[in-house]
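Scroll down for the structure; my scribbles are underneath it.
These numbers were taken from a predicted model, which means no experiment stands behind them.
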Amino acid sequence: MEFTGSVTEVGTNVAKVCKGDRVIGVCPTGAMAEQCIIDHTMLWPIDETIPYEVATVLPVSYGTSILALQHRAKTQPGETVLVTAAAGAAGLAAVDVASHVLNAKVIAAAGTDEKCELAVQKGAVAAINYTTQSVKEEVTKFTGNKGVDVVFDAVGGDIFREAFNSLAWEGRIVVVGFAGGNIPSIPANQLLIKNVTAMGVYWGRYQDRNYSIFSKSIMSAIQYYKEGRIRPHVGAVFKLQQRTFHASSVRTQCSDYCERRTIFALSSGHGRCGVAVIRVSGPASRDALSSLTGLRPLPSARVAIIRPLLDPRSGECLDKALVLWFPGPRSFTGEDCCEFHVHGGSAVVSGVLQALGGLPGMHPAEAGEFTKRAFQNGKLDLTEVEGLGDLIHAETEAQRRQALRQMSGDLGELYRGWSERLTRCLAHAEAYIDFSEDDNIEEGVLNTVDSDVHVLQREIDSHLCDNRRGERLREGVHVTIVGMTNVGKSSLLNAICQKPTAIVSPIAGTTRDVVEAALNIGGYPILLSDTAGLRETSDIVEQEGVRRARQRFNQADVVVVVVDATELPTHLTDVVHFLQDYLSKVILHKPNKDWDKFSPELADWIVVCNKMDLVQMEDFNKLPVILKEHGLPRVCMLSCKTGNGFDDFLHVLGEKVEKMCGNPLSGNPSLTQARHRLHLQNCAHYLLQYHQHRELDIVLAAEYLRMALRELGKITGKIGIEDILEVIFMNFCIGK
């Protein structure tokens, strides 16, 4: 919703505000009003039951304060909070929130005695006139020289530095900058020398950048007001000179909020079923639920009730359904949501979807849009989003366990822990750069950084050296069957699949392309490939088949080499030489291979001697031991025709697959995505560069730490995720 008009002051007389006006609350001096309005295009919905004078100050002042103190600084009951500019709109809101919502002890700093008194009336236990008193000295008196835990600052300049110096040794400082004003700054490394966590909450537009207030902070402000926990103070009211606006929606603006569509979709999958779930998310969810059910007021949150669903246009009954109401932010997407659990017939589902589509502001959801909104509203990080996607597509028990663990946040927690440690290393390195010459930093800080970076590098390298367990489990272990023509490769494929997947005939070269089958062996996924027989041929079609067979062989995780048992020599010693020759010349194309020592490339091979029903070999049970002594892979003796030995082969194959994938519930969570591996490899590279440049140029070395931190942030979506969001969400189905 665009606004290009002007702003006029109404003052504290809210009687001048007419129903339908857009208003915004500010401090008595009128600061920030016009800039806040003109720099934005979208407005926040405020419940029409809230008085206008209160609605004017909730979004800007209380939204900022709740975001800063509750969500960013995580202020705890009993902690001491210092609020600068405590008589301004945000300052008074901060005093109110800290005192009456977070149960903290508040010390207020303001520019006059009258403003100090106003802050005390709002809940501050003490107030400081910073024009006549030293903030640092007065805080020392009030706290018994202990300092404060949290500073909420919206002033900057000398008062900001005094507030910073009032912090305890370990504390948090939240810097609030408003659109059009001067955002106060202080070197981050100076903050971290004192073991202080610095957080920015910038609202509006500043130096060509947009800063945000999150919707959950606004919703919390509304809820706290309704519960009587906060008492908003009205300084002045500004009215926008534009009246094309619905009377029930008094709003103020926020840069991270785009006028969201309300979306709907079938979330339970298509096709006939007993029950189908239709999900709705967005600002019009409330109206959609009321329109289809006739419920006013809405049912209790997260309580299922049975109601007839009526077509809003015709009044026709569509179905009798189970309906649920999930007001934001306590919903999957973080927005207002509702669900209709209807009977799963296609006519019923189609009728309800058409009824929803006919309501104003309703739009069919795009693929993955519900989950994308959950990510944007902070309900899930990117690793959790990917875990949810994997859970939806999981086909085996092991895949389900791994996806569920990732969706629960285990993998994201591991990466966030690394990010926090690397952030501390970077801060100490920068502190050393800026303050080492002034003796303001303790000795040995760089040695600590070196040690911590080295430990972190080892952990990341260990995480990367996982033999692709998580990725193999997610995508399936590639098992390729290779061998000469007519040895029974296709028969083995059919036996494993328990159906005629590939054509079998006595004609050599029947299989000329790769035949694939996705299977579940012992709860682990495999992608089984039958290939063309390996031989020299003049047939150009078969030549292409052989080329593809070798290509798939080179890409395989597990190689199953099939040998015709009728061609084996009768003596065990000769069998060893026969198989060595077969593997060297036919499979590996290495006629001169040295078999005196074991080759790691053969560790994931299985040799299958097929057609054992046609041979009489004495002591063939000793063959596996003898082959192992000569550096040959595990051997299985079986007959695809009779089935003898087949169960032993499946057991061996299952063991190899399980070993490759590992137990998804034990140890640290595994890498599951190629992009995770890429970012971690880049991170490890930058950490190595830090060590190489540490003695040469500490400034450049610190920059490598920053680049490593950025790579970790890209995994969870903290930073730099714009170019990968669409790739992740496009793989979701509609309605998820």
Side-chain angles (χ1 to χ4, degrees), residues 44-45 47 215-216 218-219 246 248-249 257-270 273 275-380 385 388 392 729 732-736:
W44 283 106
D47 193 329
S215 59
K216 62 182 179 181
I218 306 296
M219 302 308 294
H246 193 272
S248 66
S249 301
Y257 181 83
C258 57
E259 189 71 56
R260 286 197 183 275
R261 310 177 308 163
T262 297
I263 57 174
F264 66 94
L266 175 65
S267 291
S268 55
H270 296 274
C273 54
V275 177
V277 178
I278 297 172
R279 174 183 284 171
V280 182
S281 179
S285 298
R286 177 188 298 268
D287 295 336
L289 184 57
S290 295
S291 297
L292 266 68
T293 63
L295 289 172
R296 290 182 178 81
L298 295 180
S300 301
R302 292 167 293 281
V303 175
I305 63 170
I306 298 178
R307 291 287 298 181
L309 300 185
L310 306 178
D311 189 321
R313 291 168 294 187
S314 65
E316 178 188 2
C317 183
L318 301 172
D319 191 19
K320 197 171 186 180
L322 200 68
V323 298
L324 294 103
W325 166 238
F326 302 95
R330 295 180 61 189
S331 68
F332 172 72
T333 62
E335 305 172 326
D336 285 351
C337 292
C338 64
E339 288 183 1
F340 302 95
H341 296 218
V342 302
H343 292 95
S346 57
V348 174
V349 173
S350 177
V352 175
L353 292 177
Q354 288 182 20
L356 287 171
L359 296 175
M362 301 290 290
H363 301 270
E366 298 175 358
E369 191 169 0
F370 287 95
T371 305
K372 187 174 184 178
R373 292 190 177 195
F375 165 74
Q376 291 172 333
N377 291 325
K379 291 291 183 176
L380 302 170
V385 167
L388 176 57
I392 293 171
F729 292 111
F732 278 79
C733 55
I734 301 295
K736 195 60 189 171

Say you draw a straight line from OG of Ser291 to CG of Asp311; how long is it, rounded to the nearest 0.5 Å? 10.5 Å
Of all the heavy-atom pairs spanning Leu298 and Ser290, show the shortest one and how long it is. CD2-OG, 3.2 Å
Hey, is the main chain of Gly282 close enough, under 3.5 Å, to the side chain of Ser285 for a donor-acceptor pair? yes
Just distance, no hydrogens or angles: give the donor-acceptor pairs under 3.5 Å from side chains in residues 348-360, sequence neighbours left out.
from   : atom 1 : to     : atom 2 : distance (Å)
Ser350 : OG     : Gln354 : NE2    : 3.2

To the nearest 0.5 Å, what is the distance between CG (Leu309) and CG (Leu322)? 10.0 Å
Listing, residues 337-344 side-chain donor-acceptor contacts under 3.5 Å, not counting sequence neighbours, or none:
from   : atom 1 : to     : atom 2 : distance (Å)
Glu339 : OE1    : His341 : NE2    : 3.0
His343 : ND1    : Asp319 : OD1    : 2.9
His343 : ND1    : Asp319 : OD2    : 3.2

Any idea which heavy atoms bring Val280 and Phe264 closest together, and the distance? CG2-CB, 3.9 Å
Under 3.5 Å: donor-acceptor pair, side chain of Ser268, backbone of Ala276: no
Which side-chain N or O atoms in residues 325-333 pair as donor and acceptor under 3.5 Å with protein atoms at least two apart or in another chain?
from   : atom 1 : to     : atom 2 : distance (Å)
Ser331 : OG     : Gly334 : N      : 3.1
Ser331 : OG     : Glu335 : N      : 3.2
Ser331 : OG     : Glu335 : O      : 2.5
Thr333 : OG1    : Ser281 : OG     : 2.8
Thr333 : OG1    : Glu335 : N      : 3.2

Any donor-acceptor pair under 3.5 Å from Ser267 side chain to Ile278 backbone: no
Hey, does the side chain of Arg307 reach the backbone of Thr293 with a donor-acceptor pair shorter than 3.5 angstrom? yes
Can you tell me how far the CG atom of Leu310 sits from the CG atom of Leu318, to the nearest 0.5 Å? 7.0 Å
Between NE2 of His363 and OG1 of Thr262, what distance do you get to the nearest 0.5 Å? 7.5 Å
Roughly how far apart are Asp287 CG and Leu292 CG, rounded to 0.5 Å? 11.5 Å
